[in-house]
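Notes to accompany the following structure.
Hydrogens, waters and symmetry mates are skipped; everything else that's a heavy atom, side chains included, is used.
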Amino acid sequence: EEENGTANILNSKDLSALPILPGLIETGVRALKIEGRNKSVNYVATTVAVYRAAIDRYCANPAGYVPEDWWFEELDKLDHRPYTTGFYGGEQTLQAVFNPKQAAAYRVVALVREICDDGFLILDVKNPFDCGDVFSVLTHQGARTGRESVMIQSCFDCNNVPLRRAVTNRLVRVMASVPLAPGDILRKEGTMP
């Protein structure tokens with residue numbers, strides 16, 4: 001709708017509610033919608049983990065709420081348009097019509113499907129990787145989000161044949177340098193081949 005000769009275009013940037021979270025919660029909001037339509041599992045899991053940490057921080061100490069740097073760092077790793085706090089603080093000038101989408105700084109490499117009795121993990125490979133590669137871990141537990149690295153020490157196909165390289169859309173058996181859990185996501189910085 002035009003007002004005073006200016007049009008306010010909605011959805012031209014992605015909303016970041018982290019800086020304004022206390023104000024939103026204090027209005028009585030009981031649920032936040034995270035845009036997940038046509039988004040990757042990495043996008044949804046990362047966003048949920050970050051906002052869960054932020055909400056827990058606010059609830060534990062409303063007067064002392066300060067957004068953590070790592071929350072913003074994790075969200076910046078995702079495919080997204082530039083972030084804004086939107087119209088909440090009267091920031092209409094931040095709503096530009098054409099904003100290029102920023103490429104994700106990290107790509108999902110594999111999802112942990114299960115833990116075998118012998119300690120090996122079954123990974124669902126989403127992007128190729130080499131035995132010996134090191135990844136960051138996004139866990140469903142939230143506490144380790146982006147904070148821990150894991151190295152794939154050995155890799156085998158489902159017939160127990162050693163692999164030097166795991167390829168996309170395959171299940172592989174691996175031994176990792178740290179304990180992982182089903183649902184954990186392995187990510188690597190940069191674009192994938």
Original post:
Mind checking what makes side-chain hydrogen bond (donor to acceptor under 3.5 Å, both in side chains) contact with Y58, not counting sequence neighbours?
Top reply: E26

Subject >> Shortest non-hydrogen separation from S16 to F72 and the atoms involved >> reply: OG-CE2, 4.1 Å

Original post:
Do you know which two heavy atoms are closest between P67 and L18, and how far apart they sit?
Top reply: CG-O, 3.8 Å

Original post:
How many angstroms lie between atom CG of L123 and atom CZ of F129, to the nearest 0.5 angstrom?
Top reply: 5.5 Å

**OP:** Show which residues join M175 in its hydrophobic cluster (side-chain heavy-atom contacts under 4.5 Å, direct or indirect), or state none.
**Re:** F120, F156

**OP:** With sequence neighbours left out, write down each residue that passes side-chain hydrogen bond (donor to acceptor under 3.5 Å, both in side chains) with D56, or none if nothing qualifies.
**Re:** R52

**OP:** Could you walk me through whether N42 and R187 pass side chain to side chain contact (heavy atoms under 4.5 Å, CB included), step by step?
**Re:** CA-CA 9 Å; N42 180 44; R187 303 178 299 177; 3.1 Å; yes

Original post:
Do you know which two heavy atoms are closest between C131 and C155, and how far apart they sit?
Top reply: SG-N, 4.0 Å

Subject >> Residues L78, L75; criterion side chain to side chain contact (heavy atoms under 4.5 Å, CB included); working and verdict >> reply: CA-CA 6 Å; L78 304 171; L75 294 177; 4.0 Å; yes

**OP:** Please test I152 against L186 for side chain to side chain contact (heavy atoms under 4.5 Å, CB included), starting from the C-alpha separation and ending with a verdict.
**Re:** CA-CA 10 Å; I152 301 302; L186 304 184; 4.1 Å; yes

Original post:
Side-chain heavy atoms under 4.5 angstrom apart, residues restricted to Ile, Leu, Val, Met, Phe, Trp, Tyr: same cluster for V108 and V167?
Top reply: no

Subject >> Rounded distance (nearest 0.5 Å) linking atom NZ of K188 with atom CG of D133 >> reply: 4.0 Å

Original post:
Got a sec, which residues hit side-chain hydrogen bond (donor to acceptor under 3.5 Å, both in side chains) with R170, two or more places apart in sequence or on another chain?
Top reply: none

**OP:** Supply the atom-to-atom distance F135 CZ to N127 CG, rounded to the nearest 0.5 angstrom.
**Re:** 9.5 Å

Subject >> I55 CD1 to L24 CG distance, which is reported to the nearest 0.5 Å >> reply: 9.5 Å

Subject >> Heavy-atom closest pair, residues R113 and P182 >> reply: O-CB, 3.7 Å

**OP:** Please name all residues satisfying side-chain hydrogen bond (donor to acceptor under 3.5 Å, both in side chains) with D118, sequence neighbours left out, ordered by chain then number.
**Re:** R173

Subject >> Straight-line distance of I185 CD1 to L180 CG, nearest 0.5 Å >> reply: 11.5 Å

**OP:** Using the rule that two of Ile, Leu, Val, Met, Phe, Trp, Tyr join whenever any of their side-chain heavy atoms come within less than 4.5 Å, decide whether V50 and V44 are in one cluster.
**Re:** yes

Original post:
What are the two closest non-hydrogen atoms of R165 and P128, and how far apart are they?
Top reply: NH2-CB, 3.3 Å

Original post:
Do V178 and I115 belong together in a cluster built from hydrophobic side chains that touch within less than 4.5 Å?
Top reply: yes

**OP:** Please check if L163 and V134 belong to a single hydrophobic cluster, counting links between Ile, Leu, Val, Met, Phe, Trp and Tyr side chain heavy atoms closer than 4.5 Å.
**Re:** no

Subject >> Spatial distance of atom CZ (R107) from atom NZ (K126) [nearest 0.5 Å] >> reply: 14.5 Å

Original post:
Sub-3.5 Å donor-acceptor pair from the side chain of D157 to the main-chain atoms of N159, do we have one?
Top reply: yes

Subject >> Least distance between heavy atoms, Y51 atom then A17 atom >> reply: OH-N, 2.9 Å

Original post:
Got a sec, which hydrophobics cluster with I122, joining ILVMFWY side chains under 4.5 Å apart, including via others?
Top reply: L171

